[in-house]
Number of protein chains: 2
Amino acid sequence: MKPTATADSRTSLSADDWAEAALDAIAVGGMDAVAVEPLARGLGVTKGSFYWHFQNRDALLRAALQLWERQQVDTLLSRIDPAASPYERIVSLFKAANMSVRDGRLYLAIAAAADNPTVQAFVQRLSERWISYLDESYRALGYAGPRARQWALFAFATFMGNLQVRRDTPQMMPEGQDFSDYVKLMIKTLIPREARGQGAEEEDDHPHVVPMRRPGS
Amino acid sequence: MKPTATADSRTSLSADDWAEAALDAIAVGGMDAVAVEPLARGLGVTKGSFYWHFQNRDALLRAALQLWERQQVDTLLSRIDPAASPYERIVSLFKAANMSVRDGRLYLAIAAAADNPTVQAFVQRLSERWISYLDESYRALGYAGPRARQWALFAFATFMGNLQVRRDTPQMMPEGQDFSDYVKLMIKTLIPREARGQGAEEEDDHPHVVPMRRPGS
DNA sequence: CCCTTTCAATACGCCACCGTATGTAGACTC
DNA sequence: GAGTCTACATACGGTGGCGTATTGAAAGGG
């Protein structure tokens, strides 16, 4: 697992160690926590070390964001089990979003700084990836283009919103069985019907969610 | 519309002017933008003025948050038309959430600082209010206690997520008719069935799809 | 007219962080 | 065992924001 460059590690630091420390700092204190001297203190060195590895603060930020993007893409790719049904893929994505508290905070903190030109491209690429992944899953569920995109955005927004609620008002989140029910409700609502593996290939305007009889009015 | 204390206003400032300026700054630059000297510059004065109206920066923050809370409660109360159906109330809440870009950014920025002890109480009270409002609406739609609460949280999270997407990756948001369809999809999905309110205008091309039926039917 | 009150300008010390310049201990090189 | 490269430490100047202390000016009140 590598020393991870904790303060007691006596081996010398690498640029990646700084980037990881920066991500940890972002998850806790937001983008402004990427400050050279505090990070150096946390790593048990002085900024003399930092300016050997990086040209300036922004270079560290870019390195951290690249590391973040790689990690995000990895977790996304790890969800792509080719044998899995679209339903399973969306569900596992949903559960991944609720898994690591740190990663959630990290995502939110970075996204919140999307007005920063250094950050913008990363956030856009990542968001696009997630939404595209969802989009494809919904297409595989039989939804036509625009509809699939709408469902994908809907699901993505719900993911993000849950991250937020968990971060900002965790006491609002139900616990235990109630939480399970909550998640199940969202999953059932966001993935209507076709839990079955085979993707329909219909070209209709709206979800071809056939086997639902109309409400008898 | 009151002078709003723009830089050219020659009348002397009030504490409320500072609080409003602080809210504007938060909406644009986050909590850290509540900085005495920059705000003073924006108002066309020096911090000599500020420290006459406030004891310190945190006092301004509290004043701004109180102003924010009042405004939020007002917009919430303005949604409570006693004659409106629960359906209409949720819909109008949903549309209110998509209305003012500034207010959205404001909410997100403040919520993101919920770890700050000064901010925490405000965010919790406000979130609780919104969720309770949704909760009651869902109860009025016939959902039992835990279920109504789950739907309320679900809807709230979706609201927040949409705010985020609009702030961080606005180009992901559909536009024009596609956006309308997107909103309609969310509304139809989040408010299942009981569109009893006669004000519900459904000029939709296909019959109202029943999103889900109780399991084990 | 003076005097108080209100609102603001100016000047100061303090701290945190950025970036640079330079020093330096250890390893490695031959 | 002198040179060189690596990975830091130290010291310095600069910037931006906080808070305080002091001064100033205009308005209204007696």
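Below, all heavy atoms of this structure are taken into account, side chains as well, without hydrogens, waters or symmetry copies. Source: prediction; values computed, not measured. By convention in this document, chain letters (A, B, ...) are assigned in the order of the sequence lines, proteins followed by strands, and residues within each chain are numbered from 1.
- Rounded to a whole Å, the OH atom of A:Y51 is 4 Å from the P atom of C:dG19.
- The aromatic rings of A:Y182 and A:F179 are tilted relative to each other, their planes meeting at an angle between 30° and 60°.
- A salt bridge between B:R70 and B:D74 is absent, with no side-chain N of the basic residue lying under 4.0 Å from a carboxylate O of the acidic one.
- Across all strands shown, A:F50 has no heavy atoms under 4.0 Å from either base or sugar-phosphate atoms.
- One interatomic measurement links the two molecules: CG of A:L39 to C1' of C:dC18, which rounds to 13 Å at whole-angstrom precision.
- Rounded to an integer number of Å, the gap from A:D58 CG to C:dG19 C1' is 14 Å.
- For DNA chain D, the contact window with chain B, defined by any atom under 4.0 Å from a protein heavy atom, covers D:dG17 to D:dT20 in 5' to 3' order.
- The CG atom of A:L61 sits 11 Å away from the P atom of C:dG19 (whole-angstrom rounding).
- Taking atom CD of B:E37 as the reference point, atom P of C:dA11 lies 14 Å away to the nearest angstrom.
- No side-chain donor-acceptor contact under 3.5 Å links A:T169 to the backbone of A:M172.
- Remark: C1' of C:dC15 and CZ of B:R57 are 15 Å apart, rounded to the nearest angstrom.
- Under the 30°/60° scheme for interplanar angles, the aromatic rings of B:Y138 and B:Y143 are found to stand perpendicular.
- Rounded to whole angstrom, the span from the NZ atom of A:K47 across to the P atom of C:dA21 amounts to 13 Å.
- A salt bridge links B:D24 with B:R102: the distance from a Lys NZ or Arg NE/NH1/NH2 to an Asp or Glu carboxylate oxygen falls below 4.0 Å.
- Rounded to a whole Å, the CZ atom of A:F54 is 15 Å from the P atom of C:dT20.
- Donor-acceptor pairing under 3.5 Å is recorded for the side chains of B:D17 and B:S14.
- In this structure, of C:dA11, C:dG19, C:dT6, it is C:dG19 that holds the atom nearest to the side chain of A:N56.
- Remark: A:Q72 pairs with A:W130 by the side-chain hydrogen bond (donor to acceptor under 3.5 Å, both in side chains) rule, at least two apart or across chains.
- Within the 4.0 Å cut-off from OP1 or OP2 of C:dA8, at least one side-chain nitrogen or oxygen of B:H53 is found.
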